[in-house]
Amino acid sequence: MRVEGPETKIARDLLAHYDVHARRLPWRAPPGTNAADPYRVWLSEVMLQQTTVAAVGPYFARFTERWPDVAALAAADDADLMAAWAGLGYYARARNLLACARAVARDHGGRFPDTEAGLRALPGVGAYTAAAVAAIAFGRRAVVVDANVERVVARLFAIATPLPAARPAIRDAADRITPDARAGDFAQAMMDLGATVCTPRNPACGICPLRSDCAAFATADPAIFPVRPAKRAKPHRTGHGWWIERDGHVWLVRRPDTGLLGGMRGLPSSDWGDAPDATPPVAADWRTLADPVRHVFTHFSLSLTMHHAHVGDDVTPDGAGEWWPVARIGDAGLPTLFARAAQAVRREQDARN
DNA sequence: CAGGCGTGGTG
DNA sequence: TCACCAAGCCT
């Protein structure tokens, strides 16, 4: 008779816990069924990259309602898809999502590759997402390592090497505890555990099904794992934005495909930096909002000073853009910064009337 | 390979 | 208020 090693016990205990406590999420097959749809798994995984379950929920519902399968998504209009993604952030994901759907439709007969390597070759699918889809949608044994798994594993084995140097050791340890069967459930169970029990701060070790096998639980402070490097301070930038209104319409531009907010609609704005040029795009009787719109991006914070004016029917700003109905500004698919800038301008206009 | 790349929840 | 951090990927 085979003696069960500690690695096997971890998977067994975790799966038993998962069978009772698994979160019910829209992209998961209902309990007792085995019907994970690769399209929905892939879509959810891309949306969940660096994004919380709560934020993804409504987007996932809207996307699957509007584009129920990969063929429908592949046929989507680029601007429609970018607008539907607005507010979710990391907009390169939306561009890659469309490129991936089209690659699946064109190069794979409309079916997702069912191997980790095949998935990994698709746009926007990295090591994590390829492993997750292979395991969850196709039942493959794959080592799925996201930030949750990283934290759980670093604690289970009390890995004290700081990130990112600890990644190879964490990956090896995750490989050792990943079972041959139910690798998809195991991955989701690890992520559920990280999200609800083995949290970054104040982990709930008292209710953790793995505490008897957890090296960090045996220490004074389990929460110190994984050890993270200190972060650099965010620089602050300033900029100017312009709300140009003409006969109930506002002038919107499309941002370049690469870089910050790439491919998204936006309000015309200056460069953002230490002392940006504040020359307006058109001559007009400009009014300036007293309070700049403040916004925090991943690697800098921004104060955007908003200017607004009405122009005559014969005026059109230089460069590419479109007059968008002010009453439908909510449908323009503005990323959050510009949505808030628009809101600030309209509030000011309302207050003056 | 270190840094660019959004946003919102949380303690 | 503010720092931290999230089901990462790409270059």
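Just so we're on the same page: letters track the sequence lines, and every chain starts at 1.
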### Query
Quick one: which of C:dG8, C:dC5, B:dT7 gets closest to the side chain of A:T129?
C:dG8
### Query
So, does A:R40 use its side chain to make a donor-acceptor pair with the main chain of A:D37 at under 3.5 Å?
no
### Task
State, yes or no, whether a side-chain contact exists between A:T161 and A:V227 at a heavy-atom distance under 4.5 Å.
no
#### Entry: Contact residues, residues 40-51 of chain A to DNA chain B [heavy atom, < 4.0 Å]
A:Q50, A:T51
### Task
Side chain of A:L337 only, please: which of C:dA7, B:dG6, B:dT7 is the nearest?
B:dT7
### Query
At what distance, to the nearest 0.5 angstrom, does OG of A:S301 lie from NE2 of A:H295?
10.5 Å
### Task
May I ask you to say what A:G87 touches in the nucleic acid, namely base, sugar-phosphate or nothing, with a heavy-atom cut-off under 4.0 Å?
sugar-phosphate
### Task
Could you check which of C:dA7, B:dG8, B:dG6 has an atom nearest any side-chain atom of A:R28?
C:dA7
### Query
Think A:H299 has a side-chain N or O under 4.0 angstrom from the OP1 or OP2 of B:dC5?
yes
### Query
Say you pick atom P in B:dA2 and the same atom in C:dA7; how far apart are they, in whole Å?
23 Å
### Query
Nearest 0.5 Å, what's the OH-CE distance between A:Y91 and A:M82?
8.5 Å
### Query
Checking A:R93 side chain against A:G89 main chain: does a donor-acceptor pair fall under 3.5 Å?
yes
### Query
Within the modelled atom types, does a donor on one side and an acceptor on the other bring the side chain of A:R23 and the base of C:dA7 under 3.5 Å apart?
yes
### Message
Nearest to the A:R120 side chain among C:dA7, B:dG6, C:dC10, which nucleotide is it?
### Response
C:dC10
#### Entry: Shortest non-hydrogen contact from A:Q49 toward A:G124
NE2-O, 3.5 Å
